[in-house]
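For reference, the structure is listed below as structure tokens.
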Amino acid sequence: MELGRLEYLQALVTEFQVTDSTGNKRRCSLALSVPSVSSHSRRFSLAEAKEQVLANLANFAYDPSNYEYLRQLQVLDLFLDMLTEDNETLVEFAMGGLCNLCLDKTNKEYILEANGVEPIINCLSSSNEETVVSAVTTLMFLTTPRSRAQTTALPVVECMLRFSLSANTRLSNLASIFLQDYCSPLQVEEARNLSKHTAVGIPLPKD
């Protein structure tokens, strides 16, 4: 059963590699010869095929029993790569996958060591609500005594202040929790003062 799970995940990664023509810097290096999982994906466009496979991988990231396999297949690197894609759907699924994975201590440490905080912060400017919600949640999970300076940097706190005023209840509640539980009163006050002197900020996602 477990062997079958690994083989299936290998096949998903291989299928993604086959449909990927973007030439991103980090790529899963395993030379796999597993046949395609879903032959019907050939009827889709290249972008749709990539979206479907990445969505499947993100769904598997919900299950802690898959964490070791996903690390072995370098899926964390794959998700991090996808955060810089122009395709918002790929970014959404990759951000969701990372959000699921970073609940695990080993995965959290890997993401931090891979300099994953910066591209996650950049996702706060997405117009996609799901991407932004996953990014905020992931920053919470990634906050440690060592990473706090980066995850609660002034631009991030300022962004959370703006999100906390959003008409989107889901986003405003999440941002309020971030400010209350992960930021000091001094950080919040400093960000609030900065906001008074600038009209430039991370835009709110579309409802």
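Worth knowing before you read on, the calculation uses all heavy atoms, side chains too, and leaves out hydrogens, waters and symmetry mates. Since this is a predicted model, take the numbers as computed values, not measurements.
With R148 contributing its side chain and Y182 its backbone, the two residues share a donor-acceptor pair below 3.5 Å. Within the 3.5 Å criterion, the main-chain N or O of Y62 finds no donor-acceptor partner in the side chain of N66. When atom types are taken as modelled, the side chain of S126 and the backbone of C123 share no donor-acceptor pair closer than 3.5 angstrom. Between the side chain of Q187 and the backbone N or O of S184 there is at least one donor-acceptor pair closer than 3.5 Å.
One finds a salt bridge joining E113 and R146 here, because a Lys/Arg side-chain nitrogen approaches an Asp/Glu carboxylate oxygen to under 4.0 Å. At a threshold of 4.0 Å, the pair K50-E15 does not count as salt-bridged, since none of the basic side-chain nitrogens sits closer than that to a carboxylate oxygen. Salt-bridge annotation for D77 and R71: absent, with no side-chain N of the basic residue lying under 4.0 Å from a carboxylate O of the acidic one. Residues E129 and R170 are paired through a salt bridge, judged by an N-O separation under 4.0 Å between the basic side chain and the carboxylate.
Crowding of Q180 atom CD: a count of heavy atoms from other residues, nucleotides or ligands under 6.0 Å not exceeding 12. More than 12 heavy atoms of other shown residues, nucleotides or ligands fall within 6.0 angstrom of atom CG in D181. Within a 6.0 Å radius of CD in E190, other residues, nucleotides and ligands contribute 12 heavy atoms or fewer.
Contact between A175 and S164 at its shortest, heavy atoms only, is CB-N, 3.6 Å. Listed here is the closest heavy atom pair of F93 and A58: O-CB, 3.4 Å. Here the shortest heavy-atom pairing between V13 and L57 reads CG2-CD2, 4.3 Å.
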Run the numbers on S147 and T144 for side-chain hydrogen bond (donor to acceptor under 3.5 Å, both in side chains), then give the verdict.
-> CA-CA 5 Å; S147 66; T144 67; 3.1 Å; yes
Output, in order, the C-alpha distance, side-chain angles, deciding distance and verdict of side-chain hydrogen bond (donor to acceptor under 3.5 Å, both in side chains) for S166 and S172.
-> CA-CA 5 Å; S166 170; S172 63; 5.9 Å; no
Ring pair (Phe, Tyr, Trp, His ring centres under 6.0 Å) between F178 and F163, intermediate numbers included | CA-CA 10 Å; F178 187 99; F163 286 170; 9.8 Å; no
Please report the C-alpha distance between V75 and F60 in whole Å, then the side-chain angles of each, then the deciding distance to 0.1 Å, and finally whether the side chain to side chain contact (heavy atoms under 4.5 Å, CB included) criterion is met.
-> CA-CA 11 Å; V75 172; F60 275 104; over 6 Å; no
Test side chain to side chain contact (heavy atoms under 4.5 Å, CB included) on I177 and M140 and set out the steps.
-> CA-CA 9 Å; I177 293 171; M140 291 179 179; 4.0 Å; yes
Let me see the working for I111 and I120 under side chain to side chain contact (heavy atoms under 4.5 Å, CB included), right down to the final yes or no.
-> CA-CA 10 Å; I111 294 169; I120 291 169; 4.2 Å; yes
L76/N107 under side chain to side chain contact (heavy atoms under 4.5 Å, CB included): CA gap, chis, key distance, verdict = CA-CA 8 Å; L76 280 80; N107 292 337; 3.9 Å; yes
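Between the CE atom of M160 and the CG atom of L171 there is a distance of 8.0 Å, given to the nearest 0.5 Å. In this structure, M82 CE and L98 CG are separated by 11.0 Å, a value rounded to the nearest 0.5 Å.
In the model, E88 has no side-chain atom that pairs as donor or acceptor with a side-chain atom of N128 under 3.5 Å.
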